[in-house]
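In what follows, residues are counted from 1 in the order of the sequence shown. Not measured: the values here are computed from a predicted model.
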Amino acid sequence: MAADNHAPADKTAPHLAALRVDHLPDAARLSATLGWPYREADWRFAFDLGSGFAAEVDGRLVATAMWWPYGKTHASVGMIIVDPRMQGRGLGRALMQQLLHAARNRTVLLNATQEGLPLYTQLGFVARGQVFQHQVLVPAETVLAAPAGVRPMQAADVEGVRRLDTAATGMDRTALLDALFAAGTTMVVDRGASVAAYACAREFGRGVVIGPVVASGASSAADAMDLITALAGRARGQFLRIDVTEGGGLSAWLTGVGLPCVGRAVPMVREIQPGAMNADADVGADADAEVDVRLFALSNQSFG
């Protein structure tokens, strides 16, 4: 018998397509099923900065994956979510392969859950330290005054902040920084001659997220703590989250001041270009031989 070339398509088979803006309400619902606190506004923020892929079954969104280019040499990937009913079918691998193809010859970074480690290792990613997730509901009666030297960022500070970020990460994150500046509050440490540190805070998930936090020089850890203190003081009565790098060394301090560690992620790098960010190292040392510049906290686990 001749094959039937007109047999109907299997409506239960996943179909991969570009992630579209009309996917975002369903993406928010999908992430909520896994306990991820992304609001639709968080998905839109990420979508406007990058691009991604979706898997659909009979018109229903069942998986997502996104990536964000940082110049021509680096990229971050995240929001890799598969409906629990569709797990074990290779959708995560298929979406990751699409992302890596789109990123082309860039060094790609991600923050992995323990469940994702085997897949990412198979795809050529190498673990680099840890990221510690701290969060708490800040009591409404909390009073935290901004430490001396900490002030809101001004227009004249923007280029200096961008230079600090590039020195800390080795990446051109101009688009991300501009979006963060517009979306929330950015504070800096002013040493008189130039900006020595900066930190951002914005609405995210269940409340407010602090990050990135970048600081330079011999007092970098103290400056990072001052910036976090200043921004936390603005989050009274709100849920507050911050994801700190192992290399920054602030996890124990955060726990001590009342922001407990509730989870960990594993930073991973698939290195094509030399000099990819290492969250467990003094990442600014190669970028500036005279001044150590460190990334103390991520903007979030997707963006890095």
Give, for atom CD1 of Ile210 and atom CZ of Arg234, the distance between the pair rounded to the nearest 0.5 Å.
11.0 Å
Could you check Phe125 against Val266 for side-chain contact (heavy atoms from CB on, under 4.5 Å), going step by step and ending with a plain yes or no?
CA-CA 11 Å; Phe125 286 83; Val266 179; over 6 Å; no
Going only through I, L, V, M, F, W and Y residues with side-chain contacts under 4.5 Å, is there a path from Phe53 to Leu119?
yes
With the 4.5 Å side-chain cut-off for hydrophobic clustering, are Phe204 and Ile81 part of the same group?
yes
Any side-chain to backbone donor/acceptor pair from Arg206 onto Pro37? Under 3.5 Å, distance only.
no
Atom pair CG/CZ of Asp26 and Arg60 - distance to nearest 0.5 Å:
10.0 Å
Roughly how far, to the nearest 0.5 Å, is the CD atom of Gln133 from the CG atom of Asp243?
5.0 Å
Hey, could you give me each pair passing side chain to side chain donor-acceptor pair (under 3.5 Å) that has a residue in residues 41-52? Not counting sequence neighbours.
Ser31-Trp43, Arg39-Asp42, Arg44-Asp48, Ser51-Trp67
Taking Arg162 first and then Asp178, would you say they form a salt bridge - that is, a charged N and a carboxylate O separated by under 4.0 Å?
yes
Heavy-atom donor-acceptor pair, Thr113 side chain to Gly116 backbone, under 3.5 Å
yes
Taking atom CD of Gln87 and atom CG of Leu34, what is their separation to the nearest 0.5 Å?
6.5 Å
Going by the angle between their ring planes, with limits at 30° and 60°, are Phe303 and Trp68 parallel, tilted or perpendicular?
perpendicular
Shortest non-hydrogen separation from Ser299 to Gly304 and the atoms involved
OG-O, 2.7 Å
What I'd like to find out is whether the side chain of Leu231 reaches to under 4.5 Å of the side chain of Thr185, using heavy atoms alone.
yes
Student check: side-chain heavy atoms of Arg128 and Glu271 closer than 4.5 Å
yes
Are Met171 and Ser76 close enough that some pair of their side-chain heavy atoms sits under 4.5 Å apart?
no
Please name the pair of heavy atoms, one in Gly92 and one in Val82, separated by the smallest distance, quoted to 0.1 Å.
N-CG2, 4.1 Å
For Leu254 and Ile228, what are the C-alpha separation, side-chain angles and deciding distance, and is it a side-chain contact (heavy atoms from CB on, under 4.5 Å)?
CA-CA 9 Å; Leu254 286 169; Ile228 293 167; 4.2 Å; yes
How close do Leu91 and Ala55 get, counting heavy atoms only, and between which atoms?
CD2-CB, 3.9 Å
To the nearest 0.5 Å, atom CZ of Arg241 lies from atom CG of Asn300 at 7.0 Å
State, with a plain yes or no, whether a side-chain heavy atom of Leu110 is found less than 4.5 Å away from one of Met96.
yes
What closest approach, in Å, do Ala232 and Val138 show between heavy atoms, and which atom pair accounts for it?
O-CG1, 4.4 Å
Do Phe239 and Phe132 share a hydrophobic cluster (ILVMFWY, side-chain heavy atoms under 4.5 Å, transitive)?
no
Between Tyr198 and the options Thr186, Asp165, Asp223, the side chain to side chain donor-acceptor pair (under 3.5 Å) test singles out Asp165
Go through it in stages, so that I can follow the logic: the residues are Thr33 and Asp83, the test is side-chain contact (heavy atoms from CB on, under 4.5 Å), and I'd like the CA-CA distance, side-chain angles, deciding distance and then a yes or no.
CA-CA 8 Å; Thr33 66; Asp83 187 314; 5.8 Å; no
Checking Arg270 side chain against Leu123 main chain: does a donor-acceptor pair fall under 3.5 Å?
yes
Verify, without hydrogens or angle tests, whether Thr64 (side chain) and Met79 (backbone) share a donor-acceptor contact under 3.5 angstrom.
yes
Could you report the tightest heavy-atom contact between Ser251 and His134, atom names first, then the distance?
OG-NE2, 2.8 Å
Check the hydrophobic clustering (I, L, V, M, F, W, Y; side-chain heavy atoms under 4.5 Å; chains of links allowed) and say if Leu227 and Val244 are grouped together.
yes
Under the side-chain contact (heavy atoms from CB on, under 4.5 Å) rule, what do Phe181 and Val161 come out as? Steps first, then yes or no, please.
CA-CA 11 Å; Phe181 298 159; Val161 167; 3.7 Å; yes
If every non-hydrogen atom of Met187 is compared with every non-hydrogen atom of Val150, which pair is closest and at what distance?
CE-CG1, 3.7 Å
Less than 4.5 Å apart, any side-chain heavy atom of Lys72 and any of Asp172?
no
Flag the pair Gln154 / Val188 as yes when at least one side-chain heavy-atom distance between them is below 4.5 Å, and no otherwise.
no
Given side chains that start at C-beta, do those of His23 and Glu56 come closer than 4.5 Å, heavy atoms only?
yes
Taken in chain and number order and not counting sequence neighbours, the residues that satisfy side-chain contact (heavy atoms from CB on, under 4.5 Å) with Ser216 are Leu164, Ala196, Val291, Val293
Taking atom CD as the centre, does Gln97 end up with more than 12 heavy-atom neighbours from other residues, nucleotides or ligands that are less than 6.0 angstrom away?
yes
Within a radius of less than 6.0 Å around CZ of Arg151, do more than 12 heavy atoms belonging to other residues, nucleotides or ligands occur?
yes
Ile80 and Tyr120, any side-chain heavy atoms less than 4.5 Å apart
yes
Nearest-0.5 Å distance that lies between atom CG in Leu259 and atom CG in Leu250:
11.5 Å
Are Trp36 and Val208 connected in a single hydrophobic cluster, I mean Ile/Leu/Val/Met/Phe/Trp/Tyr linked by side-chain heavy atoms less than 4.5 Å apart?
no
